[in-house]
Protein chains: 2
Amino acid sequence: MVDHTMPRQPAVVSSDDAEDTRCFVTRLFGKRALNREAQVERILSAATACFIRAGFRGASMNDICSEAGMSPGALYRYFPSKEAIIEHISAQHRRESAEILDRMASTNDIIEAVVKVGIEHVRHMSMNTAGDGPADAHARLFMEVRAEATRNDTVAAICDLHEGMMREKLLAAFTAAKQAGLIDPVVDLELAVATLAAMGEGIILRNFPAQGVPLEALEPVFRALATAVLRPANKQI
Amino acid sequence: MVDHTMPRQPAVVSSDDAEDTRCFVTRLFGKRALNREAQVERILSAATACFIRAGFRGASMNDICSEAGMSPGALYRYFPSKEAIIEHISAQHRRESAEILDRMASTNDIIEAVVKVGIEHVRHMSMNTAGDGPADAHARLFMEVRAEATRNDTVAAICDLHEGMMREKLLAAFTAAKQAGLIDPVVDLELAVATLAAMGEGIILRNFPAQGVPLEALEPVFRALATAVLRPANKQI
DNA sequence: TAAAAAAGAGAGAACGTTCTCTCTCATTTA
DNA sequence: TAAATGAGAGAGAACGTTCTCTCTTTTTTA
């Protein structure tokens, strides 16, 4: 067997307070800086494809390297570990979901606003960003993220953060609508938010569009459910 | 370093058509046969605990052996592979879910029947069978099974089988109720079943009871949602 | 501005660990 | 005594990661 025990060269002594003395233009916009961003993007999109195909645990770093057309040595210059990639992708996925709520227009019709957000969320989740993956790519990733969150504290914190944000956004909108008399005063808003979120997640998980249910068919369903949750006593206000 | 390259012994030739010549009474009810069932059960419950803790991929066969207080050699007498254990547990989990629908009493009030089944399902899912695991044990396992189904054909078939059964049971009940005039004639029953199933799964996933929402609080929610789905036009019939 | 030095990027073999599963051999049961 | 059962070492493959080395780009020096 080949002997690899040759003593390592001591690392060149570099003072801890060494500063990057390069021109800041080069640092930010130089060929290397731009290439670095592109490479990070390449790795993330390759990893996403692999994770959708095989899951966080099922996809190996070698798989990701092959998909990205890159050697392990190269990949590890951009991410310190597999976990770091998983966390990055998890955060990105949850953030995208949370951002959909930002487009929830402040309208006089809270029911229609909820319907619109629900449809938008389902549309986004059944959209195939990559183009060559399975139809339920986003839903698969969503499941991976949630499963990972049950045993990885960092991912759990990421999920909590974004879910908390979503909860507060919805709650704020509902509180305003309630004060405007658009929501039945009896309704427990916290429970309403939780219920609607659970429903949304259930529909994401099932991925209706991938099973042939068109978005238009989902619209009256969302409307009926939103009405039931927000105006349980009397349908019309 | 120790040399492990010693050539393996060829497997002992065992004729494929070897027969069990024991008395069939002994074979079925003898001490050994009974013990065998007990051992299988021991392995399954140990594996379930490990899978809930670490996921299907995250839990190793050694973990399961330790949990079961058993050597690998012993364990592999009862299950040919890790996958076989995963499939067994997946099937068991999905079957238990499907069986809850069997207790759906044929009643004059279809809404209350749906509410009862929903509550029962959530109760079962938030129940901790083992006793010493996390509160969301069933929900975690559910997520594992669904995630596994996206990339393991056998588990996917298991899920399809039981979901198909659930779908048909609900559809039959709804069809009868529709004919009895208990459901709005406008309702697309297929979509109603899918919607209610998705809602149920979303609520399972969120595990409301583990988050402090009591089952009683969930009852009016289920009632409102069931009503919205089955009687969208007019609340009372 | 040209040459020298440093830093960055990448390839790919190899590392140590862990994985699933199988082997041999000892013990228990019928 | 023959068959069933179990223990536990360990084989071999796969894992995530790190290694050394080469080539390119950027910065510093003359």
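Just so we're on the same page: letters track the sequence lines, and every chain starts at 1.
- In this structure, the NZ atom of Lys82(A) is 15 Å from the P atom of dA14(D), given to the nearest Å.
- In terms of heavy atoms, Phe79(B) sits closest to His88(B) at CE2-ND1, 4.1 Å.
- For the pair Asn62(B) CG and dT20(C) P, the interatomic distance rounds to 8 Å; values are reported in whole Å.
- Rounded to whole Å, the distance from CE on Met70(A) to P on dT17(D) is 16 Å.
- Taking 4.0 angstrom as the limit, Arg36(A) places a side-chain polar atom (N or O) nearer than this to OP1 or OP2 of dA9(C).
- Salt bridge annotation for Arg42(B)-Glu67(B): absent, with no cationic side-chain nitrogen under 4.0 angstrom from a carboxylate oxygen.
- Across all strands shown, Ala59(B) has heavy atoms under 4.0 Å from sugar-phosphate atoms exclusively, and none from any base.
- Nearest heavy-atom pair, Ile43(B) versus Ile85(B), reported as atom, atom and distance to 0.1 Å: CG2-CD1, 4.1 Å.
- For Asn35(A), the side-chain atoms get nearest to dA9(C) when compared with the rest of dA7(D), dA9(C), dC21(C).
- For the pair Ser71(B) and dG8(D), the criterion of a side-chain N or O lying under 4.0 Å from OP1 or OP2 is not met.
- Between the CD1 atom of Ile86(B) and the P atom of dT20(C) there is a distance of 9 Å, rounded to whole Å.
- When the C1' atom of dC21(C) is taken as reference, atom CG of Leu75(B) falls 11 Å away, rounded to whole Å.
- Side-chain nitrogen and oxygen atoms of Tyr76(A) include none within less than 4.0 Å of the OP1 or OP2 phosphate oxygen of dT18(D).
- Here Glu163(B) pairs with Arg146(B) in a salt bridge; the nearest charged N to carboxylate O distance falls below 4.0 Å.
- Comparing dA11(C), dT20(C), dG6(D) by their closest approach to the side chain of Met61(B) singles out dT20(C).
- Side-chain contact of Ser66(A) with Asp63(A): a donor-acceptor pair under 3.5 Å is absent, judged by distance alone.
- The residue among Gly58(A) and Gly73(A) whose nearest nucleotide of DNA chain D lies closer to the 5′ end is Gly58(A).
- As rounded to whole Å, 16 Å separates atom C1' of dA9(C) from atom CD of Glu37(A).
- Residue-level contact check: Tyr78(B) touches the backbone only, with heavy atoms under 4.0 Å from sugar-phosphate atoms and none from bases.
- In this entry the distance linking CZ of Arg77(B) with P of dC21(C) reads 16 Å, nearest Å.
- Here the P atom of nucleotide dG16(D) and the CZ atom of Arg57(B) are 12 Å apart, to the nearest Å.
- The nucleotide whose nearest atom lies closest to any side-chain atom of Pro72(B) is, among dT5(D), dA9(D), dT17(D), dA9(D).
- Between Glu83(B) and Ala74(A), the residue anchored nearer the 5' end of DNA chain C, judged by the nucleotide with its closest heavy atom, is Ala74(A).
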